Amino acid sequence: VVLENHSSSQVLGNPAMPFFNALATQHALASNYFGNTHPSIGNYFMLTNGTVASNDDNFAGIITGDNIARALTGAGKSWKAYMESVPGQGYLGGDVYPYARHHNPFAYFSDVLDSSAQAAGIVPLGQLFADMGSGSLPSFALIIPNRLNDAHDCPGNAPVCDDSAKLAAADGWLRAHIAPLMASRAFANGVLIITFDEGLETDLSNGGGQVATVLVGASVKARFQSTTFYQHQSTLRLILDLLKVGDHPGASAGAPSMAEFFR
């Protein structure tokens, strides 16, 4: 799960995000984790193909290099991108507010663009509950709220709001969508990772600023806090390592392992 544009100092301990902070306290927190760049798009690419393929949120190109879709498919693993407010399954077009294409890296990969079967992995968020109910969750799921619920824009599309309102909306979204996932039988042996794509635009530390990243799962150490330096390429490596996929695109191949989070 990827939320938007907040540094860890704005999030951790903030009363506007009680659900997220409960997860950070009761489960595992990467306390020395940083985004890779500004603005958003390069971080979504790093999370899924191990490169900052573009720093232009209006990027309209095609990514032909190795990526998580190729790695998973090559290993016989399934994937879905559950995108809130996407116009429909397999949608590969541009922004339709509050859906943002540059928050959906799968929509740029040649593997997906050239295959209707692969494109079908991009689905509306509501499919998540259907897949939980039928026991058909994929091996890997990217779950992305829309711009009204990811702490990027004001809830209700209000022109102005306090930052606490953005964070409260994101926290409410997590409680409504992620708490049921955590409680479902389909998630019994799963691992949940919640991160932010980047920190404040003025937070340039290590490229993209320090962000709060939480791990949850039956195999994850409880009440654990890591001080090891990580960035998004380590999350990509972790996803593939957990699924025993040998293909590690881009920087994920040499990224620090996050094995310390697991019993």
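These numbers come from a predicted model, not from an experiment.
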- Query: Do Phe59 and His102 have their ring centres less than 6.0 Å from each other?
  - Reply: no
- Look only at the side chain of Glu4 and the backbone of Asn146, and say whether a donor-acceptor pair between them is shorter than 3.5 Å. no
- Item | Heavy-atom side-chain proximity of Leu3 to Met17 below 4.5 angstrom | yes
- Among all residues two or more places apart in sequence or in another chain, which pass the side chain to side chain donor-acceptor pair (under 3.5 Å) test with Lys77? none
- Candidates Leu12, Asn14, Leu167 - the one meeting side chain to side chain contact (heavy atoms under 4.5 Å, CB included) with Phe20: Leu12
- Closest non-hydrogen contact found for Ser234 with Pro256 is OG-O, 2.7 Å
- Query: Are Met83 and Tyr91 side-chain neighbours, meaning at least one heavy-atom pair lies under 4.5 Å?
  - Reply: no
- Message: Counting C-beta onward and ignoring hydrogens, is there a side-chain heavy-atom pair between Asn104 and Ile144 closer than 4.5 Å?
- Response: no
- Message: Contact between Asn157 and Tyr97 at the side-chain level, heavy atoms closer than 4.5 Å - yes or no?
- Response: yes
- Message: Using the side chain to side chain donor-acceptor pair (under 3.5 Å) criterion, which residues pair with Tyr33? Sequence neighbours excluded.
- Response: His232, Thr235
- Inter- and intrachain pairs under salt bridge (charged side-chain N to carboxylate O under 4.0 Å, His left out), touching residues 109-120, at least two apart: Arg70-Asp111
- Item | Side-chain heavy atoms of Pro124 within contact of Tyr99, under 4.5 Å | no
- Query: For the atom pair CE (Met46) and CG (Leu236), what is the distance rounded to the nearest 0.5 Å?
  - Reply: 9.0 Å
- Query: Honestly, is Arg101 close enough over Tyr108, meaning NZ or CZ under 6.0 Å from the six-membered ring centre and within 45° of the axis?
  - Reply: yes
- Query: Does any non-hydrogen side-chain atom of Val96 lie less than 4.5 Å from one of Ser85?
  - Reply: no
- Task: Taking atom CD of Glu201 as the centre, report whether more than 12 heavy atoms of other residues, nucleotides or ligands fall under 6.0 Å from it.
- Result: no
- Item | Aromatic plane relationship, Phe109 with Phe106 - under 30° parallel, 30 to 60° tilted, over 60° perpendicular | perpendicular
